[in-house]
Amino acid sequence: MLAFVLRRLLQAALVMLAVAFVAFMLFQYVGDPVLQILGQDATPEEVARVRAELGLDRPFVVQFTHFVGQALRGDFGVSLRQGVPVAQLIAERLPATLELALLAAALALALGIPMGVYAALRRGTWLAQLFMTLSLLGVSLPTFLIGIVLILVFAVQLGWLPSFGRGEVVQLGWFSSALLAPGGWRHLVLPALTLAVFQLALIMRLVRAEMLEVLRTDYIKFARARGLTDRAIHFGHALKNTLVPVITITGLQLGGLIAFAIITETVFQWPGMGLLFIQAVTFADIPVMAAYLCLIALIFVVINLIVDLLYFAVDPRLRVERGSGH
Amino acid sequence: KTFKWASAGEIPSWDIHSQNNALSNGIHAAVYESLVYYNSKTFKVEPLLAQGWREISPTQIRFTLRKGVKFHDGAPLTADDVVFSVQRAMARTSNFAIYTQGIDKVVKVDDLTVDILLKGPNPVLLNQLTELRIMNKAWAEKNRSVQPKDMKSAEENFAHRNANGTGPFRLKQWVPDQRLVLERNPDYWGKPATNVTEIVYTPIKADATRMAALLSGEVDFVLDPTPQDLPRLRANPNLKVIDGVENRTIFLGMDQFRDELPGSNVKGKNPLKDLRVRKALYQAIDIDTLHRVTMRGLSQPTGALVAPQVAGWSESVHKRLPYDVEAARRLLAEAGYKDGFEVDFACPNNRYINDEQICQAVTAMWARIGVKAKLRTLPLTTYFPMIQRYEASIYMLGWGVPTFDALYSLQSLVHTPGPGGDGNYNVGRYSNPKLDAVIDRAKTETDPYIRPRLLTEALQMHNDDVVHIPLHNQIIPWAMKKNVEVVHRADNRLDWRLIQVN
Amino acid sequence: MDKLLEVHDLVVEFPTRRGVLRALDGVSFDIAPGEILGVVGESGAGKSLTGAAIIGLLEPPGRIAGGQIRLQGRRIDDLPPHEMRRIRGRRIGAIFQDPLTSLNPLYTIGRQLTETIQTHLDVSAAEARRRAIELLKDTGIPAAEERIDHYPHQFSGGMRQRVVIALALAAEPQLVVADEPTTALDVSIQAQIITLLKRICRERGAAVMLITHDMGVIAETCDRVAVLYAGRVAEIGPVHEVIHRPAHPYTAGLMRCIPDMETERERLHQIDGAMPRLSEIPHGCAFHPRCPQAMLRCHDARPPLMPAGATRAACWLHEPAATAAVAETAR
Amino acid sequence: MSTPVTNPAAIPLVAVHDLARTFDVSAPWLNRVLERKPRQLLHAVDGVTFDIPRGCTLALVGESGCGKSTVARLLVGLYRPSRGRVLFEGQDVHATLATRQGRVLRRRVQMIFQDPYASLNPRWRVEAIVAEPLREHGLVRDRAALRERVAELLRAVGLSPHDMVKYPHQFSGGQRQRISIARALATQPQFLVCDEPTSALDVSVQAQVLNLMKDLQRQHGLTYLFISHNLAVVRHVSDQVGVMYLGRLVELADKRTLFAQPRHPYTRMLLEAIPKLHATGQARTPVQGEVPNPLNPPGGCAFHPRCPHADARCQAERPALQTIGGVRVACHAVQEGRI
Amino acid sequence: MRAAWMRWWDSDLGYSLRRSPTAMLAAAIALTCGLAALLAPWVAPHNPFDLASLDLADARLPPVWYPEGTWRYPLGTDDQGRDILSALIYGARISLFVGLVSVALSVAIGVALGLLAGFVGGWLDALLMRLCDVMLSFPAILIALLIAGVGKALFPNAHETLAFGVLITSITLTGWVQYARTVRGSTLVERQKEYVQAARVIGVAPWRIMLRHVLPNVLGPVLVLATIHVATAIITEATLSFLGVGAPPTAPSLGTLVRIGNDYLFSGEWWITIFPGLMLVLIALSVNLLGDWLRDALNPRLR
Ligand code: HEM
Ligand SMILES: Nc1ncnc2c1ncn2[C@@H]1O[C@H](COP(=O)(O)OP(=O)(O)OP(=O)(O)O)[C@@H](O)[C@H]1O
Ligand SMILES: Nc1ncnc2c1ncn2[C@@H]1O[C@H](COP(=O)(O)OP(=O)(O)OP(=O)(O)O)[C@@H](O)[C@H]1O
Ligand SMILES: [Mg+2]
Ligand SMILES: [Mg+2]
């Protein structure tokens, strides 16, 4: 177990290094921060001076090593747009994205799994067909379109929900929550829904397919032969076996949620990391972009690790070492 | 009354001397005031913190400060604050150097009098001073904010997130990308007409969402509504749209330096160096349709490089060459390009109103005379550096004139590139010594009679040579609820003293 | 009524694209309490389907298209699902071929056992666990108290098969349907399992329907044996009779195919040809194309099960009208 | 083996000498280091020696997991041996396979796999399956000739040439097994390794397959290594029988001798466990005790925990395979004459 | 050709297609869109990419059933005076091209690497799977932004073709991973199967075993994944266009049309928004439905 975690951490470090490298490539290619800083009237001397101040005149390798060294200490430099340490910016924005992504994930799981189970068990009923059709729409529609249509319907036409922003927040230590603030949920509904739709559809289809597969296995047949109740068979035996692949995909998708949040956050002016990132892109705010990439990679790595540990919790076959148990 | 408004951008800092950003300059003006300011209706410079001024010599101007003005923390405004603030704007980490270029130093005469000493005669000093806002010296010293915030360093001064000005509003809360709240300053020295007690600003980047926020009533005012939605907004009984000509001219520039254009099928020569070709391109543009369809009327077609508010503008330079496809074809044929030619064409896609659509439409119009423009559109972050590397053959640019003086444009756009900001955006690298000479004379000419003539002459020479192909002055629409009364300003900023919410 | 299970004229069909396939066609047999009935026949003859039909677990699109199944005189083939569920496990237990895939890998065997017990019997959790341990001991699993909390993958193949048996017996059913319970195992484990099965039947008085390819196992274990061919019962009777005096030519052929330990032959006897596919079962007796004794009649009419000595066989040779003389030539 | 080679017919076609194969089943390196576990080696086959004369059949029997399939795979070169050699007509098989001669050898040694369905590619037509070895070895190049040869092979195994266009799933188990035999015969091999070729079949189909194999042996002088756990089948097909236990050969004898007079206690127990057809209702005696863990085999004679005759020597010392009364057997008790 | 078609129509797959009305409908839609896109120059009433033919005066005309509508532009025109119907057909051509090519590339790369990893195993396997991990950390959007940046820096002048290059490369770079993983998993299973060992015993070279034996048997799930991926690739392309890393503005793809249309959602000129969106959803939906059907049809247990 310990060895497993250690091995994963080692791999994670490699993955992170690769990501850092790519992140660092950003410095080279995405826009020129110097012109952004100095504005249009800069003289060549000024440009050279700022270039030197930012360390952009040094060789690539030196810059990269410096970057990794700083990044390891959590120092990603200063946002060129806001003049604030990037780490601080990210810390401010992380809660908003996390809250949104977690809520969307919860929504996707809480609705997706039962809908998938239903669609598998009641294959052919009209409700199951409806679920399947809706899920197809969910995977076919681009996120931004869904978001804007939701705004159009619920904010503009019906006026039920706000169309942008996060509203008031409640501070809980470093974390800030809109959900706990009075009326805060109203701000969360539309973005979370938009973000969840794709995942929901995916999870639902996945659960259905897996469930159908599991329902055909011998142990389910044998469980039936033992006369167990349908409840016990479907939710005790089948669902748990279904969960193993669902956990993998969901884990990866949660990371995807955070990445997808870029679009949702832009559409809803949700003050999270995605918005930060996209604004950094329009400003060529390279330190922010680099930090964002590294953070996303870190989140992926952590989620992968958690997924693997969850595997251990769910599937006893993985718990024993190979070779023993004969 | 609370006034809630939105636009796409966000201000980078509350430090008034850190970033010269149009949006933040406009917002800062609610909290910090400058010595003089434009009158929102006439666009004449009028006194603000300075009660008056007088020219002691061409290079020494004496300003008398208004009495009884208090900063938000209660400290009175003194000459020390003015000296401190102007010097602060001249600091190395400040981005306001363009507004202090001509200033040699600032000297306190007495508690309510300062002298500004110039390096040479400066016809646009007052215009520059409109953007130099005044900060309290003692407050800045107490709160480690003597130097403007350096955006490249993590070091954060107090003034980055806090404000202490003399303006009609005080900073209450600023959460970047979320909300900016200003509240009424009860101790304001003036008697502003506004009935607003609180101003809430939210940046909303996505166009559709911003419009949705207005339509759903979540904001009262949108600074930058999307042009295609205007007919709808105008038709909405709860909303209204007001617009006015912005002091910004959109034009196309052409590479007139290279001997052969990269990406063109014409080898060995540069067709854009040929005046006939430039004229042909000009005359092939159906500006009226562009105005009517693409801009939906939100433009003022022009043949000049500057907007009407700008000194040097005249009816004659405003007149365009006529739209005439036949003439264009003929000119091309005369120049030896009967079948047209291929040329590279670059445009920004998120900078000017409808920039991408304009370029597409122009591409289509040129296609009719056989000029095959290969259009590429880039976001402004990559576009501006790209054209400054002289990589575009034909490019789009919009030039605003904060000083309301045509020299600003002529020097940057037409003068042969050189030191001191000459031709810094002449990215077609046009060079005409005669024109340069006229521009150079205008730099020091302060005579209110001769100066405009010089500028007009330069603009006319520019037109005669078709250095650029002017398109139009942008008309900026503002959208708001019916019950909101504001004054539209050509610099696209709100005058906080005049907002009414009924 | 002294019969535990009666299957009468069972028909199982698969509707497919190219028409309806009849996989079982008029299968009839019965099992008495405490009896072990062996079921043999060529691969695809319908052995597993018969078992599945009895426990009501035919996989769709398969369906019972005719006939009756009675358990202690009560029809069970038309019961609604929830009632059938109560019979499964409680009154009819089932054992499938593959011990590895029959157990849910995610739960301890203890949990699977107590779950089954508690579904059918009204006992406390502690009592259920006690019984589970008992069952494991009964099936010969050493250190049952400890191993009850292990997961299926921690057991060897033979032990897993024993766990499956324990599960089938958990609610003390009166009938056990065992579908090839030893095919995957080697002789020594096979012997253990068969011994176990027999002992448990003897001790608990349960009846067993044992499906297998292995004639040795049949001979050793069963009281009676049914021979299936192409979805029909070819012959049914006491095991000794069927093995030593088969009445149906197919059975006879089958018995002669077995390589035996005593005599030595250069060539094994074989039945030429292959069983017809379901879509092209010939008219009349399904075996007639391969039958050395086929008569004209076999082409036209399908023989019913007829008494033939101590057994009953579906063969016109044993039609009462047909004389012993004909039967004599068959020998 | 030890007799000097004088006449070519006396050379056994296949000679296996001290063949061993271990599998490394250790945990990954980091786990081993952290948990201080040693490397774990599984001795699947551990020093097996036998010959098969031309035209003869050697059967291997033994419990599941005792290494029968591993021996088979070693013989056809699917695994490389950890120790020992396999000689085919005096040539080292694994050395030859590495050289240009390897293709010729491939042609001469073929294998029939246990599962008739799994060993046929489900997406190929029978024609392609049977023709593959012919094409691979360039034996027949012409399309029509290839077809003709495939038809001939199918006829040889009792299938119709019309079956060529069908897919494997359209055949019965016995027919599938015939297809794989036809494929194995395509290159006209001299040596055929058969790994439980009939265990999935019912008796009538089994009889068909076994008869076919015998016919081929008679007609073409094939040599077989035959693996099965059905002793009745073994008795029918084989000339010699080797009994394996935990990777080792414990007894190797002529078929008649072995069945009439088993020497090794394990062989005896195995024969006891055979269900007897003609003694209906009679219980048999299963082999006692649990199957040992191959990763951690008992010391000394691996069978001693289950052996009724085991003594102190059996626990300590591993018996070698010795010829006693014409039978090769590895048992202290037999060698000492205790049984 | 005809015979092959008839044979297919009569096969189990063809039969199950005939049996499923949704699949038939989806196939019909997909076929129509595909053919229209393929034959765009002959099918479309106008050539929307021919700039000289555009008339700005015709911009934003409504569909034909409105009083101002004309049969010249059955579905109306967009802000440049482009015929929406023609733009849709040409846009679908680009979108389908990008979708199909990038999926084909993803499949090719993913299947090749997955096969290699599964078949060769060892360090190659470990290396390739770690590579998958790295790729998984980058959403397609980020990759696209990166490649666009790098590409523009490297080839500042190759813009039109570059846009497609960026799209295809970035979708491919993020897409191959799923195929590699699936194929590797199946290969590990197939490799153990006896027919592979049988081929070895016959003496078939390893790479031929890989291609001729293993590949056809692992292709099933790949096929299903790929049909779904086509739809997601088109959507990804649309999303990338939304972020401004898409097709050039003078030759808009379906995604670009949707993005442009996005600006007209509130303006009343709904046809600029709705038709491209509808077309996108229709294509995605039909391809997805086909994928769904194929998954069920290829599963013998469901047949
Ligand atoms: C002298 C010619 C000018 C040039 C070459 C120029 C260039 C630029 C550039 C490259 C940007 C993008 C950087 C940024 O977003 O901050 C920008 C932004 C902007 N400029 Fe200028 N500018 C000029 C004059 C003006 C004038 C005269 C005004 C106002 C009257 C103005 C108003 C703005 C505004 C509102 C923005 C957007 C600010 C934001 O989004 O943060 N510009 N300009
Ligand atoms: N889902 C199905 N669709 C069509 N035919 C089926 C289906 N399931 C089973 N069959 C057919 O039913 C017949 C009987 O199958 P069954 O499984 O009962 O055979 P069996 O006697 O158990 O054979 P084996 O000894 O191989 O297990 C076979 O011919 C088989 O092809
Ligand atoms: N590739 C492998 N890696 C690790 N262990 C293996 C491998 N192949 C076989 N083994 C092990 O080697 C031992 C012998 O296996 P083998 O397949 O030869 O047995 P067998 O006698 O053929 O058994 P069966 O009768 O079940 O087929 C077993 O314990 C098995 O787990
Ligand atoms: Mg069966
Ligand atoms: Mg084996």
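Model, not experiment: these values are computed from the prediction. Every chain is numbered from 1 and lettered A, B, ... according to where its sequence line falls, protein lines coming before strand lines.
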Distance from A:Phe222 atom CZ to C:Thr116 atom OG1, nearest 0.5 Å?
7.5 Å
Side chain, backbone, both or neither: which part of C:Arg85 has an atom under 4.5 Å from a heavy atom of chain A?
both
Looking at A:Arg226 and C:Gln112, would you say the former's side chain and the latter's main chain have a donor-acceptor pair under 3.5 Å?
yes
Chain A contact via C:Ile55 - side chain, backbone, both or neither, heavy atoms under 4.5 Å
side chain
A:Ala223, A:Ala232, A:Gly236: which one forms the most heavy-atom pairs within less than 4.5 Å of chain C?
A:Gly236
Please classify the contact between C:Ile92 and chain A as side chain, backbone, both or neither, with a heavy-atom cut-off of under 4.5 Å.
backbone
Kindly compute the distance separating CG (A:Leu228) from NE2 (C:His120), expressed to the nearest 0.5 Å.
6.0 Å
Could you check if a side-chain atom of C:Tyr107 sits within less than 4.5 angstrom of a side-chain atom of A:Lys240, using non-hydrogen atoms only?
yes
C:Glu146, CD: over 12 other non-hydrogen atoms inside 6.0 angstrom:
no
Find the distance between CD1 (A:Ile233) and CG (C:Asn104) and round it off to the nearest 0.5 Å.
11.0 Å
Looking only at non-hydrogen atoms, find the nearest pair between A:Asn241 and C:Pro105 and report the distance.
OD1-CG, 3.9 Å
Picking from C:His82, C:Arg90, C:Met84, C:Glu115, which has the most non-hydrogen pairs under 4.5 angstrom with chain A?
C:Glu115
Whether over 12 other heavy atoms sit under 6.0 Å from C:Arg63 CZ
yes
